[in-house]
Each structure stands twice: as structure tokens, then as C-alpha cells.
Amino acid sequence: MASNSHQPIQGMSDIAFPDVALWQFIEQRAREIFARYRFSEVRTPVLEKLELFTHSLGDTTDVVTKEMYTLEDRGGRKFALRPEGTAGAIRYVASGGEETANARIFYIGPMFRCERPQAGRKRQFHQIGLEAVGAPNPLADAEVIALQVHLLAAWGLSGAKIRLNTIGLPEDRAAVVKGLREAIRPRLHELPEEAQQRFETNVLRLLDSKDEAVKKVIAGVPPVISFMSAESRAYLETVIATLRRLEIDVEVDPSLVRGLDYYVHTVWEVVHSGLGAQNALAGGGRYRINIGGREIDGVGFAMGVERVIASLEATGITATQFAPPPPVFIVSLGEAALNENLLLLQTLRQRGIACEMELAERKVQAQMRRANKCGAQHVIIRGDSELEKGIFVLKNMADGTQREVELPELMELLTH
RNA sequence: GUGGGUGUAGCUCAGUUGGUUAGAGCGCCAGAUUGUGAUUCUGGAUGUCGCGGGUUCAAAUCCCGUCACUCACCCCA
């Protein structure tokens, strides 16, 4: 591989044929489902003020402190390439673009995080996300999860699982942290040094640790909900009961935590076994974001398109299955026919038929090879002799048969 | 940011303890077939061996650096 100058920068990639067909399918299905659930699209800028993210995601979170691409303009104003979509979408809602009481919006687009790339992680990655704005209501959480399950099915993805938990109300946080510390403290010496530090700085993070020693200790710790208020517990119960009524299968996982500060109550993620270490293809949750002194509540999710694709591919679905339909190819022989065929080409395209032709005078053999390569099902052969007779030779590439037809019949055959 | 693996033709990859003209398959181009693809046969072209430096009579091969890809940690979609 001659690797250098004409490659995109690290962790970013060109998405082109044939892969792009799968991307288009995924986006198109998402738009269909979102429309059915009455969400409308918002396209916010990729660049936002830096404070938008530091304030909403939390200025001590990893995403904000070490993963954002930031820049300054000539006036010294600080901006960041969006690392996620919720902050921008909610900024839009707060700007008055939507009624904040019940805005329902979705977005599709690139996000940027300057991390070391690995399986399922790019520096420019793509998310399909959705936000249902409105006061906390467990039925809204369930509705959004139901939509997400519907979308997974519309993509034809099998084997995805939903893990769900609550992180409770902000008022519960102190009690949860205290409760966890008390439960873990007797076995603190069993934890590796790094985990012991985290015990002080962010106990919640210990819950989803991959370290075996930590897992062992965590297994003996009461679930986080046991430290929460009755209100938080009831909220989770209603979400679970509603999902059950909707026949949506979720696994309640007390160890699930989220890394962004804006989450309140319900959090969940969609995992798939075909993914490797980064096994979540989507993350979701209820949040409360303060923008310009205004508190906005909502529930939403973001799905990583690259990870959705990896999951689909793990189940045997490939991009070639979504390739565009086969074109018609026009073969010319002689200058006069070439010029006439150019008109035919344009006519066919205006009638809605995808077709292409060789624009230079080349041997029939070479043109046929090209026709075969582009996947043409039908080839129209028109040389100077057909031109004189006013006919077209229509060849079926699958069985090799061909027949002479006049224009009306040609159109008839190709439009069906 | 930390650690492991990998960079040889358009693609997938061989290349033996350093040894002279660096290979294969697929693809590509051409001919067999002077107006017919795919199949078959025959022939052909293509490499700064990722990049830079070093050791050596001699480096794709050994050493150092660097860049990229990849996997994992961290964290997340």
C-alpha cells in the first residue's frame, strides 16, 4: 500500500462505492421511521462555541477535556467540532426554533473526537440521533426506546440487545456515591491502584470496569437504585413496565453508567456481539441540559453508523446487497451512430432509465467488456447499419440472446 | 496519552541464516474472435519493497528514527 499523501487524515475515512450504498440505506430507513414517529430533521452546524460542550457535557468529562477538536477564529473566539449531537440539537431548541415543551427532532451527521482509532472508533464518525424534548415522563423514555427497536428491525439487524439502567436524579447523586463507597470500602485493598484512585474521583466509573479484580468486588455491591430516592426508583419501574407492555425486551443492568454529565434517570445502550471491544452501537438516555440559564429536559439516543454497519456485516449483510439497480449500456459503432446514441442516452435518462455509454470510438469488444463490468442487464447495440435501418439491437446479458427492435418497442421493453 | 501487531504490484499476500535480474494469485491491457461481454487459451505491462538515516563488499531482510494502518487500554457511538 503506497501510504501517504493522498490518504485522509488519521482516523477519518472516505466512504465511497460500494460501501456508501449501505450508508444510504441506513439513513433512508432511519428517515422513514422517524417520520412515522413524527420527528423532524435538524441540521445544525458542525462547529459550535466551545462553552456549549463544556457546559452541557460537563467540563471534567473525558470527551471535553481530552477528545475535542478545538480551534480559535481570528478574533480569539473558541470553537469546537461537535463531539456529539445532543448539545447542538438542544441549543437549537433553546434558540426558539422549536416549542421547548415537546420538540421532536433528529439529526444525521459527522461527529469528531480526537481519540486513538480502533475497531469501531474513528476520529470522524457518524451518528444518527434523536431527541424528544419535554418534562420527564417515563412513557416518553419507553416510546423512544420502542422507536429505536423498530429502527433496528427496519435495518434488518438481529442479535442486538438493550441494556438499561437509571442514574437517578441529580439530588440522588450524593447518596449513590456515598452508598457505593461504603459498600466498596471494606474491599478497597483488593482493587488495583488505578481503581483505588477512581474510588475517590469517580466511584460510578468502577461499576463498568473491565478489570477482573474490580468486577469481582463490584459483583458484591448493591445495585445503584438501592441508594436512590423513591421517585427515581418509581421512574425506572414505570419505564420497565411500559416496555414490557410494548413487548420490548431489555436487560436491566445495574452496572451501566454513562460518561456525560447531563444524564438524569433512564440510561441505556444497544450492544451487539459482532462488535469487538467497543460493543455498543448506540447510547441513549434522559438528560437535563442547562442552556443560557434555561433548563431543558429530554430523552434521546445516538446511534453510531459505523458500528451499526459493523453489526450488520457481522450478521452477513453486505453493502453490495444495496447496490444501485443495473444500468442499460449503449454500444456504438461508427461516428454517426456514436452521435445519435448520445441523443438516445439522454432520452433514456429523461425517461428514468439509468444508462451509460462509451463516449469514444472503441471496438465493440471493448465496449461489451465495459458493459459487462458495469453490471448492465441490457445492452443496446446501434452501429451505422442499424442507424440506416432505423432499428436497435437489444441484447440480454444474462442469457446472451438479442433481437432487433424499433424505438417504441425498445422503450416499452426498457421501462418494464 | 500508553502498549501489541503490520506496512513488498491496483487488490490479497510469498520472499528461506543479509547475496546479485523481487515473485505468485486475482485484477488490468492486448490477441485468438476484422460488429458482441461473461467462460477458455495465449501473450504483455506495472514496484521510490511506507519514508528517512545507519551497519555492510552487499539490505525487502539487521539497527535507529519517523509516518501510516490495525488491535487493545482509557473513554465512548
Side-chain angles (χ1 to χ4, degrees), chain A residues 1-13 57 60-68 82-86 108-129 148 192 194-195 197-198 202 205 208-211 256-260 267-272 275-285 300-311 329 331-334 337 358 361-387 393-402:
Chain A
M1 189 189 301
S3 65
N4 42 29
S5 56
H6 33 64
Q7 278 194 359
I9 60 182
Q10 186 175 33
M12 310 204 178
S13 38
L57 310 189
T60 60
T61 57
D62 281 13
V63 169
V64 164
T65 56
K66 46 187 214 193
E67 296 171 5
M68 281 204 298
R82 61 182 184 194
E84 56 94 65
T86 300
I108 296 179
M111 307 294 162
F112 303 84
R113 290 184 200 175
C114 192
E115 302 174 87
R116 262 308 249 289
Q118 71 180 75
R121 175 190 291 160
K122 299 294 245 176
R123 288 184 168 181
Q124 175 176 331
F125 60 103
H126 299 78
Q127 289 188 335
I128 296 176
Q148 194 173 29
E194 206 182 322
Q197 276 179 12
R198 195 162 293 163
N202 193 350
R205 273 275 155 236
D208 64 351
S209 173
K210 287 176 184 172
D211 188 288
L256 180 66
V257 290
R258 304 261 83 198
L260 307 177
V267 292
W268 73 91
E269 61 184 29
V270 181
V271 295
H272 196 274
L275 282 180
Q278 310 304 322
N279 68 341
L281 62 94
F301 62 72
M303 313 188 79
V305 179
E306 285 83 354
R307 293 185 187 179
V308 168
I309 287 174
S311 305
F329 194 92
V331 169
S332 317
L333 192 84
E358 174 59 54
E361 283 197 63
R362 290 186 71 193
K363 292 173 27 174
V364 172
Q365 194 184 37
Q367 294 184 62
M368 287 301 296
R369 263 204 281 270
R370 184 175 152 188
N372 186 64
K373 220 178 298 174
C374 78
Q377 221 162 44
H378 294 285
V379 173
I380 297 166
I381 302 162
R382 187 162 66 152
D384 289 346
S385 64
E386 283 80 13
L387 205 58
V393 171
L394 182 64
K395 173 161 181 162
N396 181 325
M397 294 295 272
D399 58 22
T401 60
Q402 60 185 52

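To find a chain, count down the sequence lines: A is the first, B the second, and so on, and within it residues start at 1.
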Notebook entry, point to check: In terms of the nearest nucleotide of RNA chain B, which residue is placed more toward the 5' end: Val270(A) or Lys66(A)?
Noted result: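 First, find each residue's nearest nucleotide; the 5'-ward one identifies Lys66(A).
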Checklist line | 5'-most by nearest nucleotide on RNA chain B - Gly383(A) or Glu269(A) | finding: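 Nearer the 5' end of the strand: Gly383(A).
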Watson-Crick or G-U wobble partner of [N], both distances under 3.5 Å:
N       : value
rA45(B) : none
rG1(B)  : rC73(B)
rU20(B) : none
rG25(B) : rC11(B)
rA68(B) : rU6(B)
rC62(B) : rG54(B)

Checklist line | Residue Ala119(A), side-chain atoms from C-beta onward, closest of rC71(B), rA77(B), rC74(B) | finding: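 Comparing rC71(B), rA77(B), rC74(B) against the side chain of Ala119(A), the answer is rC71(B).
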Check: If the P atom of rU12(B) is compared with that of rG4(B), how far apart are they to the nearest Å?
Finding: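 My reading of the P atoms in rU12(B) and rG4(B) gives 25 Å.
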Would you indicate, yes or no, if [N] has its OP1 or OP2 atom less than 4.0 angstrom from a side-chain nitrogen or oxygen of [X]?
X         : N       : answer
Arg370(A) : rC28(B) : no
Lys363(A) : rC29(B) : no
Arg121(A) : rA72(B) : no
Gln118(A) : rC74(B) : no
Gln365(A) : rU36(B) : no
Arg258(A) : rA77(B) : yes
Lys210(A) : rA72(B) : no

Please evaluate the base of [N] for a donor-acceptor partner in the side chain of [X] within a cut-off of under 3.5 Å?
X         : N       : answer
Glu194(A) : rC73(B) : no
Gln278(A) : rC75(B) : yes
Gln402(A) : rU36(B) : yes
Glu386(A) : rG35(B) : yes
Arg116(A) : rC74(B) : no

Notebook entry, point to check: Considering only heavy atoms from C-beta outward, does the side chain of Lys122(A) approach that of Met12(A) to under 4.5 Å?
Noted result: no
Margin query: Within this structure, what is the CZ-CG distance for the pair Arg113(A) and Asp62(A), rounded to the nearest 0.5 Å?
Written below: 10.5 Å
Checklist line | Salt bridge present between Arg370(A) and Glu358(A) (N-O < 4.0 angstrom) | finding: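 Salt bridge between Arg370(A) and Glu358(A), a charged N being under 4.0 Å from a carboxylate O: yes.
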